[in-house]
Enquirer: 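I have a structure here, written as structure tokens, and I will follow up with some questions on it.
For reference, positions follow the sequence shown, starting with 1. Computed from a predicted structure; not experimentally measured.
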Amino acid sequence: MFKIPSLLFLLLLIYFGVYAGISSMGEYKAAASGNIKTPLIPINIADTRQWHPKFAELNVYKNSEDNWTWTGNTAGYVFAPLILLDRQFWHPTEKLFNN
């Protein structure tokens, strides 16, 4: 029978391993940061390219009230901590326009 620490270690190993696999098949996609909006209607314009692992969508942006909004699919929410770390250190978000 597994002890709790060894089971937790195994689950974390699987979690990181699955993320490494889907991240290796990921790609950059256009995304709105919330910094550029249309003049008449406050709609965000895609002004960045964000890293998205395969099967995982996670977008973090400022909405029309300047509050942070998170949108994504289930895989994006499950792997959100690793996606944010990945974007911070290995696959940084690229700006499409110079402000």
Enquirer: Output the distance between atom NE2 (His52) and atom CD1 (Ile83), rounded to the nearest 0.5 Å.
Expert: 8.5 Å

Enquirer: If you round to the nearest 0.5 Å, how far is CZ of Arg49 from CD of Glu94?
Expert: 4.5 Å

Enquirer: If every non-hydrogen atom of Ala46 is compared with every non-hydrogen atom of Leu96, which pair is closest and at what distance?
Expert: O-CD1, 4.1 Å

Enquirer: Which distance, rounded to the nearest 0.5 Å, do you find between the OG1 of Thr48 and the NZ of Lys95?
Expert: 10.0 Å

Enquirer: Tell me whether Asn73 contacts the main-chain N or O of Phe55 through its side chain, where contact means a donor paired with an acceptor under 3.5 Å.
Expert: yes

Enquirer: If I take atom CH2 from residue Trp51 and atom CG from residue Leu84, how far apart are they, to the nearest 0.5 angstrom?
Expert: 15.0 Å

Enquirer: Please test Glu57 against Lys29 for salt bridge (charged side-chain N to carboxylate O under 4.0 Å, His left out), starting from the C-alpha separation and ending with a verdict.
Expert: CA-CA 10 Å; Glu57 296 288 330; Lys29 296 181 182 178; 2.5 Å; yes

Enquirer: On the 0 to 90° scale, with breaks at 30° and 60°, tag the Phe79-Tyr15 ring pair as parallel, tilted or perpendicular.
Expert: parallel

Enquirer: Start with the C-alpha gap between Ser23 and His91, add the side-chain angles, then the distance that decides, and say whether side-chain contact (heavy atoms from CB on, under 4.5 Å) holds.
Expert: CA-CA 10 Å; Ser23 182; His91 297 104; 4.1 Å; yes

Enquirer: Donor-acceptor pairs are to be reported for all side-chain atoms of residues 7-14 against protein atoms at under 3.5 Å, with residues two or more places apart or in another chain.
Expert:
none

Enquirer: Look up atom CD1 in Ile22 and atom CG in Asp86, then write down how far apart they are to the nearest 0.5 Å.
Expert: 9.5 Å

Enquirer: Do you reckon Tyr77 sits in the same ILVMFWY cluster as Phe16, going by side-chain contacts under 4.5 Å, direct or chained?
Expert: yes

Enquirer: OG1 of Thr93 to CZ of Arg87: how many Å apart, nearest 0.5 Å?
Expert: 6.0 Å

